[in-house]
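Worth saying up front: this structure is predicted, and the values here are computed from it rather than measured.
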Amino acid sequence: MNYCTSCGSELLENAAFCPNCGAKVERLNVSDTPSVDHVEESLKDEPITSEEVAEKLTHTFSNAKETVQRSPYFNYFIETVKRPTSSIGSNSTSHGWIQLVVFAAMTALSVYAAVKSTIRLGFNEMGITSYFGVELNIPNAIRNELISRMFVASLVVYLTFIVSVFVLLKVTARSKRSFNLLVTEIGGFFTPNIILLFVAFILASLFASPVSMGIAFFLIALSFLLCFMSYNFYLYSRASVEGLDKLYVLLISNLFVLLLLFLLVYIQIEPVITLIDQISNYGGGYGW
């Protein structure tokens, strides 16, 4: 229903003049009014400048950086980079578990990158970099099989060290430290390992050469050796058995841990070893 804008009288439909005051009826042409969709489309059509993109990215990265720096785990990690033994006496029950997950993830990624780059070097030497897509199929098969299994196997290894320490300290020193706090204490000792594995991952991913591969595998092996060093250092500083020297405590515990690790890791990564053997046999036909 329309009304006169001059006197307010009711207007007949399609009336050109008001029957009361005679004023001309002004009608709004709907087609002349910009629709909401048209406005939105016009806004979408406006180009985004590089300065706006850079500003948004800077703002996003700044927020992410502040979030990370405010994280208690970030402070725990930085402190253990400077001094790994600073984790002893920590009251956190979560930092150690985060550390173990990061450690296992870096182990899996660094081993995968080293194996993948080694296979790529072998293919280049055989001259089959584009042979029926095999340069893509085999690394993908290794990625699907290796990363998940190495992650689980790494967690098994690191938890085996920590569980062994926990049990031995309960038996030898009557320790009352909870398992979660023990994970945080020993987890701080693993910070140098994470850094070594990160360097190995970068070398294997970006610099696929025989020299970089040798350094990468050396760093991975050194990281595993540091696990034993951390295990023995922590255990030696806490273990106490009457009538039995600490050195023999370490010897017995290391033999037990080595045997247990061999069984657990072999069960977990045996399929990966079989896959790598198959690839080696395949490459042997090309003189690799």
Side-chain angles (χ1 to χ4, degrees), residues 76-93 95-108 110-111 150-200 215-269:
Y76 167 83
F77 186 86
I78 294 300
E79 287 298 321
T80 52
V81 168
K82 300 175 182 176
R83 192 165 59 92
T85 55
S86 63
S87 61
I88 297 179
S90 174
N91 294 321
S92 171
T93 58
H95 294 165
W97 290 105
I98 299 175
Q99 186 86 327
L100 287 184
V101 172
V102 173
F103 192 7
M106 284 309 309
T107 301
S110 61
V111 172
M150 279 302 303
F151 178 79
V152 175
S154 301
L155 278 181
V156 169
V157 169
Y158 308 143
L159 284 174
T160 299
F161 282 119
I162 296 174
V163 169
S164 300
V165 171
F166 181 76
V167 173
L168 286 170
L169 290 182
K170 284 290 185 182
V171 174
T172 62
R174 308 298 181 191
S175 174
K176 296 182 180 179
R177 197 76 168 159
S178 70
F179 184 75
N180 288 336
L181 294 178
L182 187 65
V183 171
T184 298
E185 287 187 342
I186 299 180
F189 288 25
F190 292 158
T191 301
N193 303 51
I194 295 175
I195 296 175
L196 290 176
L197 292 171
F198 178 76
V199 174
I215 297 175
F217 279 112
F218 171 76
L219 293 177
I220 292 172
L222 180 60
S223 173
F224 185 70
L225 179 61
L226 282 178
C227 288
F228 273 97
M229 294 173 61
S230 302
Y231 168 77
N232 285 281
F233 176 82
Y234 189 88
L235 186 60
Y236 183 84
S237 64
R238 298 297 182 92
S240 175
V241 179
E242 294 184 3
L244 185 62
D245 190 83
K246 284 188 176 182
L247 182 62
Y248 292 115
V249 174
L250 296 180
L251 178 61
I252 295 171
S253 62
N254 276 270
L255 290 175
F256 170 76
V257 168
L258 282 172
L259 178 62
L260 185 60
L261 286 178
F262 176 79
L263 293 175
L264 293 175
V265 173
Y266 181 79
I267 292 172
Q268 184 62 31
I269 68 173

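To the nearest 0.5 Å, atoms CD1 (Ile195) and CG (Leu219) are separated by 12.0 Å. Distance CD1/Ile186 to CD/Gln99: 12.0 Å, rounded to 0.5 Å. With rounding to the nearest 0.5 angstrom, the CD1 atom of Ile78 is 8.0 Å from the OG1 atom of Thr80. Here CZ of Phe161 is found 8.0 Å from OG of Ser164. Values are rounded to the nearest 0.5 Å. In this structure, OG1 on Thr191 lies 11.0 Å from CG on Leu196, to the nearest 0.5 angstrom. Residue Ser253 holds its OG atom at 5.5 Å from CG of Leu168, rounded to the nearest 0.5 Å.
Side chains of Leu100 and Phe190 form a contact here, defined as non-hydrogen atoms less than 4.5 Å apart. In this structure, Phe77 and Ile98 have side chains that are not in contact, with every pair of non-hydrogen atoms separated by 4.5 Å or more. Residues Phe189 and Leu226 fail the side-chain proximity criterion, which asks for heavy atoms closer than 4.5 Å.
Taking both residues in full, the closest heavy atoms of Ser90 and Leu181 are given as O-CD2, 3.7 Å, listed atom of the first, atom of the second, then distance. Contact record, Ser87 with Pro84: OG-O, 3.1 Å, taken as the closest heavy-atom pair. The shortest heavy-atom contact between His95 and Tyr76 is ND1-CB, 3.7 Å. Taking each heavy atom of Val183 and Gly96 in turn, the nearest pair found is CG1-C, 3.5 Å. Listed here is the closest heavy atom pair of Lys176 and Lys170: CA-NZ, 4.0 Å. Glu185 and Gly89 get closest at one heavy-atom pair: OE2-N, 2.9 Å.
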- Task: Walk me through it: do Val163 and Val167 pass the test side-chain contact (heavy atoms from CB on, under 4.5 Å)?
- Result: CA-CA 6 Å; Val163 169; Val167 173; 4.2 Å; yes

- Item | Audit row: Phe224, Asn193, side-chain contact (heavy atoms from CB on, under 4.5 Å) steps and yes/no | CA-CA 8 Å; Phe224 185 70; Asn193 303 51; over 6 Å; no

- Evaluation steps, side-chain contact (heavy atoms from CB on, under 4.5 Å), between Ser154 and Phe103: CA-CA 8 Å; Ser154 301; Phe103 192 7; over 6 Å; no

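Heavy atoms from other residues, nucleotides or ligands lying under 6.0 Å from CZ of Phe233 number 12 at most. Crowding of Phe217 atom CZ: a count of heavy atoms from other residues, nucleotides or ligands under 6.0 Å exceeding 12.
Between Phe179 and Trp97, the ring-plane angle classifies as tilted under the 30° and 60° cut-offs.
Using a 3.5 Å distance cut-off with no hydrogens or angles, the side chains of Tyr158 and Thr107 do pair a donor with an acceptor.
Partners of Leu258 under the side chain to side chain contact (heavy atoms under 4.5 Å, CB included) rule, at least two apart in sequence or in another chain, are Phe228.
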